Every structure is written in C-alpha cells, then in structure tokens.
Amino acid sequence: MSAYWILLLLISYRDISATTFDATTPTMVSNITYTSAVMSVVLKGENQTENVQLLNRVRLELDCTWAANENKQPNITGYWTRDGDEIEDSRLTVPLQNEQYNLKRVFNIEHEEDLRKYSCVFGSQAQIQFILTVPGIDHVPDKPIVSYIGDYVALVCKIKDTAPKPDTWRWYKSNETDKVRTDVLAEPGRYEIKNEDLKTTLVVYNLTKEDSGVYHCGAVYPLKTSVGELTLNVLSFMEPLKILFAIVAEVIILVAAILLFEKWQSKKKPREENGMNPLPTDEMMQEESNSLGESSALRQRNV
Amino acid sequence: MTMSKPKADTQTVEPEGPDGGWGWVLVGALFVSIGLVFGLVRSMGIFFVEFIQYFGESAQAVSWITSTGVAALQFISPVAAALCNAYNARVVVITGGILAGVGLILATQATSLLHLYLSMGVISGLGWGLVITPMLASVIASFTRRRSLAVGLAFSSVGLSAFAFNPLFQMLVEMYAWRGALLIVGGLSFNIIACGAVICVQKTPQAPAKVMRRSTCAGMLQGISSYLELSLLCERPFLTYTLAITFTNVGFFVPYVHLVAHSRQVGFSEYQAAFIMSAGGVADILGRIVSGWFADLGNFRMIHLLAMWMSLAGVFIVLLPVSSMTGSYPGLMVVSLLYGFTSGALTSLVFSVMPKIVGLKRLAGGLGLLQLLESGGGLVGVPLSGWLRDKTGNYTASFVVAGSFFILGALTMATLPHFFSCTDPPPPQGQSKNPQSELGLMAQPAAITDTDDDKETQSKSIVGAATPELNGR
C-alpha cells in the first residue's frame with residue numbers, strides 16, 4: 001500500500017501560497033473560485049492506490065509517472081478511467097521520456113458525484129488508482145447502544161483527529177417505516193446537541209421505547225456530508241431485573257440446600273456419639289456437646 | 001468423625017485442622033468468594049469506560065470508586081475479625097455478601113459519581129471486607145498439613161475470575177448497558193451468601209463471659225480490645241512480620257499499575273503490552289498453586305520460603321526496566337513471567353505463616369490487624385512510584401524503588417526471632433497457662449486481655465485475611 005494522503009494541502013500547489021484549509025487566494029475561473037492542486041505519484045510496481053481526501057471544490061491535476069520496464073517501448077497507450085470505465089477522449093499515446101512514461105489530467109471536482117475512483121492506466125499493465133473522498137466518520141460502534149426508559153443517552157460521532165473539521169454537524173433519525181430522515185432538531189427540549197471541532201454528541205433525554213432506532217450523524221463538508229449510523233435500543237428495566245431475580249432464587253435454593261444438609265448431618269452426629277459412648281454421665285454429656293460446639297469452630301467436620 | 005477435644009488442651013504442639021473433607025468444600029467457597037471480590041474489582045475497568053462516557057468525568061475521578069471500595073475493604077477488616085470473635089463467622093460473611101450485592105444494586109440508580117462512591121465504593125467495600133477476612137481465617141484454621149496449598153488454590157481464583165469476568169462484563173454491558181450489567185453483577189455477588197453458609201456455626205459458650213464483661217465500662221473496652229486482638233500490637237514478632245509485609249506492599253502494586261505504561265513507553269504496541277500482563281497473570285496463578293503445594297511438603301520452613309520469594313520478586317521487579325532497556329521483547333516477557341510467578345508464590349504463604357506467629361486462637365484478629373496495617377504500604381506505594389515517574393521521566397526509578405522495598409521486607413523478616421533455626425519453633429498457644437508457649441515464636445506469652453479460657457478462644461472463629469492485592473489491582 002502506498003501513503004495515505006490526508007490533506008490535499010500536503011501536495012504542492014501550483015500557484016497558491018496559503019497553507020490553510022480553506023484556501024484564501026484562489027484562482028478565479030469564470031465566477032467560480034477554485035483552488036488548484038496537483039498530485040504527482042510515481043508508480044512502483046504495477047498497481048498502486050492513493051487515497052485523496054478533499055474538502056472543497058478543487059481543480060485537481062493528477063500526475064502519473066511510470067518507470068519503463070524491460071520492454072522500453074518508445075510509445076505506449078495510456079488512458080484514464082472513472083470507477084473502472086474508460087473516460088472518453090482520454091486515450092493518448094505516451095512517449096518514453098527519460099526512461100519514464102507520464103500521464104496527466106485535470107479533473108474539476110465540484111460536486112459529490114465527482115468523488116470517485118480515478119485511475120491512470122499505462123498500456124494494459126500498470127495503473128495508479130486515486131480514491132477521492134471527504135474525511136469519514138471514525139469508529140462508529142456496530143453494536144446497538146443500549147439505554148433505559150426514563151434515562152438519557154449520549155450518541156457520539158467523531159472524525160479522526162488528523163482530519164480537518166467539518167463546517168457543521170447534523171443529526172437525523174430514520175423511522176422504521178420509511179427511510180425518510182427527520183432532522184432531530186425538530187423536537188427541542190428532549191434533544192441536546194453538543195458540537196466540538198471533531199466530535200458531536202447528541203443527548204436524548206427522557207427516553208421512551210419509540211426512541212429506539214437508527215440515528216445518522218452527518219459531518220458537513222462543502223463537497224459532501226460524511227454520514228455515520230448509530231443504532232439505539234431502549235430497554236425496560238425489567239429485563240435485567242428478571243435475571244437478577246433468577247440469580248437471587250438460585251442463591252436462596254443453594255443456601256437452603258446447605259442448611260438442610262447441615263441439619264441432616266447434625267441429626268446423625270449425636271446419635272453416633274451417644275452410641276459410641278459407653279458411660280454417659282451428665283457431666284460427660286455436657287462436655288461432649290460443648291466439645292462438639294468448640295471443635296467445629298477450629299476444625300471443620302470431616303464429611 | 002469429629003475429634004472431641006478434651007477441655008484443657010495445652011499439650012498439642014501444632015494447632016489442629018482436620019485437613020480434609022468439609023475443609024475442601026470450604027476452600028471451594030473461599031475460591032468463589034475471592035473471585036467475586038477481587039476478581040470483580042479487577043474487572044471493573046469495563047464499567048469505568050462506561051462511567052467516563054456517561055457522566056462525562058475524568059478517568060481519575062472514576063478510578064476513585066475502586067480506591068474507595070478497597071480502602072473500605074481494608075479498614076473494616078479488624079472490625080470483621082472482632083465481629084467474628086463476638087458472634088460467628090457465618091453471620092459476618094452472610095452480612096458481607098448482602099452488603100456487597102446491595103451496594104452494587106444501589107449503584108445502578110446512580111445519577112452522579114458521588115452516588116457511585118457511596119454505593120459501589122463504601123457499601124460494597126464494607127461488604128467485601130466482612131467477607132474475605134472470616135472466610136480466609138476459616139480455611140486456614142481448617143488445615144494444617146495442606147494449609148498453603150488450600151490457600152494458594154483459593155487465591156488462584158483472583159487471576160482466573162479476572163480472566164473470566166472481563167469478557168463476561170463486556171458482554172453484559174453491551175446487552176444491558178452499565179445499569180443493567182451492574183444489577184446482574186450485584187446479583188452474582190449474592191452468591192457470597194451461599195459461600196458463607198458453608199461455614200459451620202459453632203455454639204458459642206462465650207455468652208456468659210460477654211455478660212460478665214458488659215457490666216462495667218472498663219470491662220467492655222477490655223472485651224473490645226480482646227476481640228480486636230489489640231494485644232498483638234505489643235508483640236515483637238507480629239509487629240516485625242507486619243512491617244515486613246507492609247514494606248512488600250509498597251512495591252507490590254507498582255508492576256500491575258505501571259507495567260503496561262512502561263512497555264508502551266519503551267516502544268512496544270498496545271497488544272504486546274497487554275500480552276505481557278496476561279502472561280504475568282498466568283504465571284501468578286501458577287506461582288500461587290505451586291508455592292502452596294511446595295510449602296506443604298515440609299522440606300523447608302515457610303518463613304524461609306516466604307523470605308526467598310520476597311527477595312526473588314524484588315530482584316525481578318528491578319530487572320523489569322533493565323531487561324527492557326535493551327529493547328528486547330522476549331527479555332521483558334521472561335522477567336515479567338518470573339515476577340508473576342514469585343509474587344503469586346509469596347501471596348500464597350503470607351497468610352499461611354500467620355498461625356506460626358500469632359497462634360491459631362488469635363488468627364482472626366491477627367489477620368485483620370495485618371490487613372489494616374499493610375494497607376498503608378499500598379496507599380503509599382502507587383502514588384510514590386507515580387511521582388518518581390513524573391520526576392525522572394521514566395519508570396526505571398519506580399521499579400527499582402519498588403523492588404528494593406521487597407528486599408527490605410525480606411530483610412525485616414530475617415529479624416524475626418528464631419529465623420535462622422532450621423526447624424519451626426512450636427507455635428504460641430496464646431495463653432499464660434500454657435508453658436509451651438514460651439517455646440513459641442513469641443517472646444512472651446500475651447495474656448493481658450485473654451480472660452477467656454480454652455473453650456471460648458477455640459470457639460472464636462478464625463478470621464482475617466489480607467491479601468496484598470487489596471488495592472484491587
């Protein structure tokens with residue numbers, strides 16, 4: 001695997017000097033302000049994948065270089081693909097220069113639909129794949145989050161610390177019946193949203209059974225909103241309570257069994273002792289019952 | 001089946017234990033109790049993650065819950081011993097089990113960390129203290145030849161139950177959230193009641209003596225101090241031994257608390273560091289059982305074995321940072337295994353030795369007092385090592401200091417009377433009437449507050465067991 005390019009700004013800009021995330025000196029092209037960027041990759045081997053994280057609209061130039069293999073053909077056919085399909089009019093004849101082949105293409109990334117996998121292909125052998133994405137939600141638990149009726153719950157979504165922060169966060173809840181996502185803010189008072197740079201927390205108070213379901217958190221970037229899904233399960237307290245009752249019943253049964261066993265044992269003992277004692281006098285009987293008591297303190301019975 | 005003891009028994013050299021049958025049932029009960037107390041405390045980490053997220057508090061604030069619980073457990077120990085002497089062990093253990101479960105169940109309704117401190121910390125902690133001391137003393141009193149093995153086997157429960165509870169609690173938390181999971185865990189703690197029921201109740205003939213005492217205030221104080229076995233505090237062997245164990249306690253927790261952080265700092269991954277701890281835990285379990293079995297073979301005096309394990313453990317702690325200095329993972333792993341084994345080995349013996357120092361009659365109180373006093377070591381040790389780490393930037397100084405405290409403990413033990421003789425002196429009977437007690441480890445027989453006669457003291461159930469891991473690690 002190759003390096004993971006986290007920020008577009010780590011790559012050399014063509015004509016920009018700003019190093020902040022939202023470029024402040026864009027190149028003006030026909031009313032729309034773009035930032036420009038170049039991504040140059042040298043292919044090692046025959047197959048390589050680069051992850052490119054984007055935030056804003058950008059005029060992205062992808063630059064592929066491939067060192068020739070043993071064949072060293074003077075010319076080779078190169079083309080570009082989007083999601084595996086060849087892009088029209090992208091086929092070129094690539095000359096061998098300095099023992100290398102080079103392919104370049106500029107892509108205007110304006111909308112969410114432009115975030116695809118683009119590849120430059122050399123002949124039929126070598127290719128570099130660029131996966132364009134926005135920063136994604138980090139580590140959403142795949143197991144449902146559990147809470148109880150009347151209690152509150154905190155649902156958390158995080159972006160990886162190294163990624164830039166989103167413009168804003170949004171929360172949705174989907175109904176079971178339809179896939180429509182309702183914005184959670186529609187019902188104030190029960191919901192509280194705490195937004196931090198890289199983290200958002202949705203707190204739901206006074207839970208009811210109907211609050212169970214799937215919640216979606218969205219990190220809004222100019223190009224696209226990254227979405228994460230959380231499942232909430234609201235339980236009644238009776239469920240663990242039933243288990244508690246079962247365990248308590250087991251303990252009671254166990255204790256009763258032990259006590260009964262002891263009673264049975266102690267009924268056996270005096271009979272045995274008396275049987276073995278040839279001359280029972282009052283004093284000796286008393287001694288015996290005393291010694292029964294005291295010896296069992298120090299030494300547990302041999303069963 | 002039951003050996004009936006003649007009234008005035010001053011001739012037996014070794015305190016008797018039947019060494020079998022019901023005794024092993026008691027060992028099983030102790031095994032379960034220890035697992036439900038110490039194993040539970042060691043698995044609380046799962047809940048802490050949930051508390052941090054739910055209450056929004058810091059890790060340090062949440063960790064005070066265990067600290068409170070363990071502190072309550074330790075401080076109540078002498079009281080547990082006294083209650084056993086005053087009443088009987090079974091009642092005390094059952095009460096402890098009820099308290100432990102109730103504390104956890106109350107915790108499920110907590111709406112703030114304070115509620116957790118009071119319920120999970122104080123109430124459950126008190127319950128745990130009332131359980132461990134009596135149960136341990138009962139087992140120790142029930143065995144003579146196999147005492148160390150019995151204790152070692154029972155204490156292997158700590159590692160095993162921590163091993164089992166961690167995934168179990170994780171599953172419970174995932175299914176029922178922390179409130180539901182805590183409810184179920186509290187229910188599980190009620191099983192301690194069944195463990196307590198296994199202890200045989202003795203008919204206590206000391207009621208007349210109690211009535212006699214209560215007539216005067218001075219008499220009552222005398223009674224209380226006799227129940228707490230405070231006379232032990234005036235005896236050199238007991239104090240020496242307690243001091244040695246306290247020193248050991250200063251260093252005991254340092255590896256448990258800091259080893260993972262140290263491994264990470266040296267450069268190993270999270271996974272590798274965790275594995276070192278697991279391996280150490282397994283070695284610990286093994287050490288407890290093997291050491292208990294070996295000590296019972298009788299080839300060496302238990303005191304000597306204990307001193308040996310202490311010194312070895314101290315040496316290995318010191319070697320921990322040294323071995324990782326070279327950056328070698330196998331080296332660190334080997335030393336960690338050796339440390340785990342020796343530290344488990346010494347915990348098996350710490351309590352088995354007690355009857356030889358204080359005599360069987362005062363075992364309960366002795367263990368309770370030992371527990372209380374040694375807890376001071378634990379309270380000092382971890383913050384001290386943390387401070388050293390902050391000062392020096394790494395854990396080397398912490399480990400070296402911890403190891404030296406172990407060795408200091410072993411040296412202190414060497415000052416016990418008759419340490420260098422090859423055979424065990426007869427244990428003290430604790431009675432002035434007993435001429436044989438002069439031959440015991442005790443310099444003088446302590447007869448200050450023991451107005452009871454043989455019958456009464458034998459009917460005191462034996463209580464008190466402090467484990468060095470009482471800080472809940």
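Source: prediction; values computed, not measured. Letters go in sequence order (proteins before strands), and every chain restarts at 1.
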Closest approach of [X] and [Y], non-hydrogen atoms and distance?
X      : Y      : result
B:R179 : A:D151 : NE-OD2, 2.9 Å
A:I258 : B:A194 : CD1-O, 3.5 Å
B:A177 : A:Y148 : CB-CE1, 4.0 Å
A:L259 : B:R90  : CD2-NH1, 3.5 Å

(request) Tell me, yes or no, whether the heavy-atom count around A:K143 atom NZ, taken from other residues, nucleotides or ligands under 6.0 Å, exceeds 12. (result) no
(request) Please find out if less than 6.0 Å separates the ring center of B:Y54 from that of A:Y152. (result) yes
(message) Ring centres under 6.0 Å, that's the criterion: do A:F261 and B:W22 meet it?
(response) yes
(request) Could you list the residues that satisfy side chain to side chain donor-acceptor pair (under 3.5 Å) with A:N195, not counting sequence neighbours? (result) A:T200
(message) Can you list the residues of residues 97-113 of chain B that sit under 4.5 Å from chain A, counting heavy atoms only?
(response) B:I105, B:T108, B:Q109
(message) Could you tell me if the side chain of A:V146 sits less than 4.5 Å from the side chain of B:Y176, heavy atoms only?
(response) no
(message) Just so I know, are the side chains of A:V255 and B:F190 near enough to count as touching, which here means a heavy-atom distance under 4.5 Å?
(response) no
Name each donor-acceptor pair under 3.5 Å that joins a side chain in residues 238-253 of chain A to protein atoms two or more places apart or in another chain, with its distance.
none

(message) Less than 4.5 Å to any heavy atom of chain B: does that hold for the side chain of A:V203, its backbone, both, or neither?
(response) neither
(request) Please identify each residue that fulfils disulfide bond (SG atoms under 2.5 Å apart) with B:C195, with sequence neighbours left out. (result) none
